[in-house]
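Just so it is clear, the model here is predicted, and its values are computed rather than measured. Chain A is the first sequence line, chain B the second, and so forth, proteins listed ahead of strands; every chain is numbered from 1.
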Number of protein chains: 2
Amino acid sequence: MGKDEAQKLVTTLKALANPIRLRIIASLVDEPKHAYALAKEMGLSYPLTHLHLKGLRKMGLVKEIEHETKTEGRPSARTYAPSKFELLLTPERIRDILKEDG
Amino acid sequence: MGKDEAQKLVTTLKALANPIRLRIIASLVDEPKHAYALAKEMGLSYPLTHLHLKGLRKMGLVKEIEHETKTEGRPSARTYAPSKFELLLTPERIRDILKEDG
DNA sequence: CTGGTATATAAGAAATTTCTTATATATATA
DNA sequence: TATATATATAAGAAATTTCTTATATACCAG
């Protein structure tokens with residue numbers, strides 16, 4: 001097992017292939033923040049922001065970091081930051097990844 | 001002009017975020033071929049293959065190359081090969097690309 | 001006790017993407 | 001002329017993704 005590198009590549013690309021999710025990553029690089037603050041900053045509803053964030057978290061592109069003791073007080077405020085991913089795609093790499101797992 | 005690098009990134013990622021389109025690129029890296037041959041090889045209908053190929057061509061990820069004088073004869077057989085693209089994605093690059101064209 | 005901050009999720013609508021089927025054209029070979 | 005090769009596209013069905021609205025919980029300040 002431990003295969004299907006190809007399927008993982010597709011889901012990672014799908015996670016990235018969305019303007020809102022790219023903006024979320026861009027915003028969190030500058031400064032890690034809560035889903036609620038992110039929603040306000042981006043002019044989006046909280047549920048939509050939460051949804052996109054969930055997709056990014058599931059793919060490991062964004063992670064929850066330990067509380068900055070900044071916006072303190074409210075119920076368990078979760079701060080998010082982008083993971084340190086690096087994705088390099090060329091035709092040859094795509095072929096190599098797809099060949100690994102028929 | 002020359003703007004909206006961000007939108008181009010999204011459409012490129014969308015073009016890549018599909019298992020069939022990744023398989024098409026992988027197959028064409030090994031050997032450039034016609035849409036028809038590609039469809040047969042992949043076990044897909046010609047119209048579906050043509051559709052995916054069209055999307056890849058539109059984004060410049062696949063290009064038509066000059067006839068190999070190989071499968072000669074039939075009506076204007078068009079041979080395709082992947083373009084030499086290179087896409088490197090990190091959180092910082094995403095931020096930089098999105099900042100260029102607010 | 002109301003409003004603002006903060007979380008999470010479900011249901012369904014809306015939009016987009018994906019895929020099939022049908023149509024049309026054209027050539028070379030058996 | 002029938003078959004296999006080869007192209008292109010349109011119409012609509014099917015599937016998936018995206019987004020809104022509603023619901024529920026919880027804490028703190030005024």
Colleague: Should A:Y36 and A:Y80 be counted in the same cluster of Ile, Leu, Val, Met, Phe, Trp and Tyr side chains packed under 4.5 Å apart?
Modeller: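 Per the 4.5 Å side-chain linkage, A:Y36 and A:Y80 are not co-clustered.
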Colleague: According to a cutoff of under 5.5 Å between the ring centres and under 30° between the ring planes, does B:Y46 stack with the base of D:dT7?
Modeller: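 Given the distance and angle limits, yes, they stack.
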Colleague: What's the separation between atom CD in A:E64 and atom CG in A:L53, rounded to the nearest 0.5 Å?
Modeller: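 That separation rounds to 9.5 Å.
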Colleague: Separation of B:H34 atom NE2 from C:dA26 atom C1', in whole Å?
Modeller: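 The distance from NE2 of B:H34 to C1' of C:dA26 comes to 15 Å, rounded to the nearest Å.
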Colleague: Looking only at heavy atoms, which two atoms of A:H34 and A:A77 are closest? And how far apart?
Modeller: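 Closest approach of A:H34 to A:A77: CE1-CB, 3.5 Å.
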Colleague: Quick one: does any side-chain atom of B:T49 pair with a main-chain N or O of B:A35 as donor and acceptor, under 3.5 Å?
Modeller: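 The answer is no, because no donor-acceptor pair under 3.5 Å joins these two groups.
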Colleague: Dot-bracket notation for DNA chain C is requested: 5' to 3', Watson-Crick or G-U wobble pairs only, both distances under 3.5 Å, with ( ), [ ], | and . as defined.
Modeller: ||||||||||||||||||||||||||||||
Colleague: Nearest-Å distance, OH (B:Y36) to P (D:dA4)?
Modeller: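 Distance, rounded to whole Å: 9 Å.
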Colleague: Please tell me which of B:K54 and B:K40 maps to the more 5' nucleotide of DNA chain D, matching each residue to the nucleotide holding its nearest heavy atom.
Modeller: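 Its nearest nucleotide being more 5', the pick is B:K40.
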Colleague: Would you kindly give the NE2-to-P distance between B:H50 and D:dA8, to the nearest whole Å?
Modeller: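 Taking atom P of D:dA8 as the reference, NE2 of B:H50 is at 4 Å.
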Colleague: At under 4.0 Å between heavy atoms, what does A:A35 touch on the DNA or RNA strands: base, sugar-phosphate, or nothing?
Modeller: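 Sugar-phosphate, backbone atoms only, no base.
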Colleague: CG/A:L16 to OG1/A:T11 distance, rounded to the nearest 0.5 angstrom?
Modeller: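 Going from CG on A:L16 over to OG1 on A:T11, the span is 10.0 Å.
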Colleague: Can you measure from CE (A:M59) to CG (A:L13) and round to the nearest 0.5 angstrom?
Modeller: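 Answer rounded to 0.5 Å: 9.0 Å.
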Colleague: Please report the distance, rounded to the nearest Å, between CD in B:E64 and P in D:dA6.
Modeller: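 Whole-Å distance recorded here is 14 Å.
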Colleague: Report the C-alpha distance between A:K33 and A:E41 in whole Å, list the side-chain angles of each, state the deciding distance to 0.1 Å, and finish with yes or no for salt bridge (Lys or Arg N to Asp or Glu O under 4.0 Å).
Modeller: CA-CA 10 Å; A:K33 51 183 78 71; A:E41 180 194 276; 3.5 Å; yes
Colleague: Taking protein heavy atoms under 4.0 Å as touching, what does nucleotides 12-21 of chain D look like 5' to 3' if B marks base contact, S marks sugar-phosphate-only contact and - marks none?
Modeller: -----SSBBB
Colleague: Applying ring-ring contact (aromatic ring centres under 6.0 Å, His included), can you list everything that pairs with B:F85, at least two apart in sequence or on another chain?
Modeller: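 Applying ring-ring contact (aromatic ring centres under 6.0 Å, His included) to B:F85 gives none.
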